[in-house]
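Nothing fancy with the numbering, it's 1 onward along the sequence.
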Amino acid sequence: MTEQRTILVTGATGNVGRHVVAGLREGGATVRALVRDPERAALPADVHLVPGDLTDPDSVAAAADGADAAFLLWPFFNADGAEKAVAALAGPVGRIVHLSASTVRDDRPPEQNGVWGAVERLVEPSVPSWTFLRAGGFATNTLGWAESVRTEGVVRLPYPEAGRSLIHERDIAAVGVRALLEDGHHGQKYVLTGPQTLTQTEQVRTIGAAIGRLLRIEEQSAETARQELLAQLGDPDFVAGSIAYWSSLVDNPEPVTRTVEDVLGRPALTFRDWAIDHSDDFR
């Protein structure tokens with residue numbers, strides 16, 4: 001690790017962000033967190049909480065003032081306002097690590113790379129050092145099954161044979177911490193996945209094994225899944241894209257990369273590891 005640095009973390013109270021904060025503290029960094037409500041942010045006492053929001057460039061600039069680097073998680077379905085937010089970060093800091101998505105590809109037109117690609121294009125020319133964490137599916141998204149597992153022992157989902165290489169949020173954070181604290185990660189576009197591809201059926205079985213319970217799957221139609229997602233997320237284009245993507249994974253499962261192991265020097269955490277870590281959420 002390098003000398004002590006001050007790092008600004010956006011999304012610090014989220015699934016990935018809280019592990020980024022923990023890793024930075026363990027690495028000896030001074031941590032700041034941009035949070036909407038400091039009184040409700042459940043973060044360690046030595047984390048400097050700065051009130052603000054990525055939609056407010058002035059608050060972003062104030063939070064970044066004097067920081068050496070920033071962890072950027074853009075939480076919206078479109079890039080509206082991202083240009084001003086990135087400019088506010090890039091003015092003070094010399095390094096940005098952006099949590100992007102594995103769906104971003106360099107071999108296709110920028111307009112096909114969605115919001116994550118749009119933010120990448122803003123970050124790349126803005127700072128001397130940048131790293132993109134192109135993460136695949138988050139294992140934490142399966143927490144959406146938790147309530148029906150707890151109450152009914154049932155998981156309702158479309159395309160149960162869709163194959164995914166889901167990644168533990170701790171691994172995403174660990175790679176991000178390395179990129180924030182170490183040199184040698186500039187210009188890297190790390191494609192991050194878990195160490196294996198499992199169908200959704202296999203994921204449900206893995207969760208059941210972790211909690212000692214036999215779970216049942218009820219296959220949804222694509223239309224039922226679309227309506228439920230639309231009610232939750234409210235973005236028709238994002239929802240339609242998600243349904244189409246899951247459908248494609250039945251015949252073309254997600255690939256597995258070794259990037260986590262290459263960066264961290266240890267195997268990536270398995271979905272079984274994740275299920276055990278989160279077993280209380282499903283009990």
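Annotation: side chain of Thr142 is in contact with side chain of Phe271 (closest heavy-atom distance under 4.5 Å). At least one side-chain heavy atom of Leu72 sits less than 4.5 Å from a side-chain heavy atom of Val123. A 4.5 Å side-chain heavy-atom check between Asn113 and Thr103 finds every atom pair outside the cut-off. Counting only heavy atoms from C-beta outward, the side chains of Asp106 and Lys189 approach each other to under 4.5 Å. Looking at Glu83 and Arg121, their side chains never come closer than 4.5 Å, going by heavy atoms from C-beta outward. Annotation: side chain of Leu34 is not in contact with side chain of Val9 (no heavy-atom distance under 4.5 Å). The closest side-chain heavy-atom distance from Glu254 to Tyr245 is below 4.5 Å. Side-chain contact between Trp145 and Gln203 is present, with heavy atoms from C-beta onward closer than 4.5 Å.
Of all heavy-atom pairs between Ala63 and Val50, the closest is CB-CG1, 3.7 Å. Between Thr197 and Gly163, the shortest heavy-atom contact is CG2-C, 3.7 Å. Nearest approach of Pro92 to Ala61, heavy atoms of both residues: CG-O, 4.2 Å. Among all heavy-atom pairs drawn from Ala70 and Leu180, the shortest one is O-CD2, 3.6 Å. When all heavy atoms of Pro128 and Gly94 are compared, the closest pair comes out as CD-O, 3.3 Å. Heavy-atom minimum distance, Leu73 versus Leu54: O-CD1, 3.4 Å.
Around atom CZ of Arg40, no more than 12 heavy atoms belonging to other residues, nucleotides or ligands sit under 6.0 Å away. The neighbour count for Trp116 CH2, taken as heavy atoms of other residues, nucleotides or ligands under 6.0 Å away, does not exceed 12. Around atom CZ of Arg272, no more than 12 heavy atoms belonging to other residues, nucleotides or ligands sit under 6.0 Å away. By the neighbour-count criterion of 12 heavy atoms within 6.0 Å, atom CZ of Arg36 is sparsely surrounded, having that number or fewer from other residues, nucleotides or ligands. Shown here is Glu147, whose CD atom has no more than 12 heavy atoms of other residues, nucleotides or ligands within 6.0 Å. Taking a 6.0 Å sphere around NZ of Lys84, one finds it holds 12 or fewer heavy atoms contributed by other residues, nucleotides or ligands. Surrounding CZ of Arg258 are at most 12 heavy atoms belonging to other residues, nucleotides or ligands under 6.0 Å away. Annotation for Gln112: atom CD counts as buried by contact number, over 12 foreign heavy atoms lying within 6.0 Å.
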Verdict with supporting geometry, Asp171 and Arg266, salt bridge (Lys or Arg N to Asp or Glu O under 4.0 Å): CA-CA 10 Å; Asp171 280 345; Arg266 60 154 176 84; 2.6 Å; yes
Take Thr270 and Gln196 through the test side-chain hydrogen bond (donor to acceptor under 3.5 Å, both in side chains) and record every step on the way to the result. CA-CA 7 Å; Thr270 66; Gln196 61 193 151; 4.5 Å; no
Test side chain to side chain contact (heavy atoms under 4.5 Å, CB included) applied to Thr201 and Glu161, step by step: CA-CA 6 Å; Thr201 296; Glu161 296 311 302; 2.9 Å; yes
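In this structure, His168 and His278 have tilted ring planes: the angle between them lies in the 30° to 60° band.
Taking 4.0 Å as the cut-off between side-chain N and carboxylate O, Glu120 and Arg134 count as a salt-bridged pair. Here Glu218 pairs with Arg216 in a salt bridge; the nearest charged N to carboxylate O distance falls below 4.0 Å. A salt bridge does not link Asp183 with Arg178: every distance from a Lys NZ or Arg NE/NH1/NH2 to an Asp or Glu carboxylate oxygen is 4.0 Å or more. A salt bridge links Arg226 to Glu223: one of the charged nitrogens lies within less than 4.0 Å of a carboxylate oxygen.
Ile211 CD1 to Asp280 CG: the interatomic distance, rounded to the nearest 0.5 Å, is 10.0 Å. Here the CG atom belonging to Leu166 is positioned 8.0 Å from the CD atom belonging to Gln200, to the nearest 0.5 angstrom. Distance CZ/Phe282 to CZ/Arg150: 8.5 Å, rounded to 0.5 Å. The distance from the CD1 atom of Ile167 to the CG atom of Asn141 is 12.0 Å, given to the nearest 0.5 Å.
Not a single donor-acceptor pair under 3.5 Å links the side chain of Thr131 to the backbone N or O of Val97. Although no hydrogens or angles enter the test, the distance criterion places no donor-acceptor pair under 3.5 Å between the side chain of Arg164 and the main chain of Pro253.
Under the salt bridge (charged side-chain N to carboxylate O under 4.0 Å, His left out) criterion, Arg170 pairs with Asp277, sequence neighbours left out. Residues passing the side-chain hydrogen bond (donor to acceptor under 3.5 Å, both in side chains) test with Trp130: none are found, sequence neighbours excluded.
Exactly one of Val20, Val177, Val47, Thr30 qualifies for a side chain to side chain contact (heavy atoms under 4.5 Å, CB included) with Arg25. That residue is Val47.
Criterion: ILVMFWY side-chain heavy atoms under 4.5 Å apart, direct or through other members. Under it, Leu99 and Leu143 are not part of a common hydrophobic cluster.
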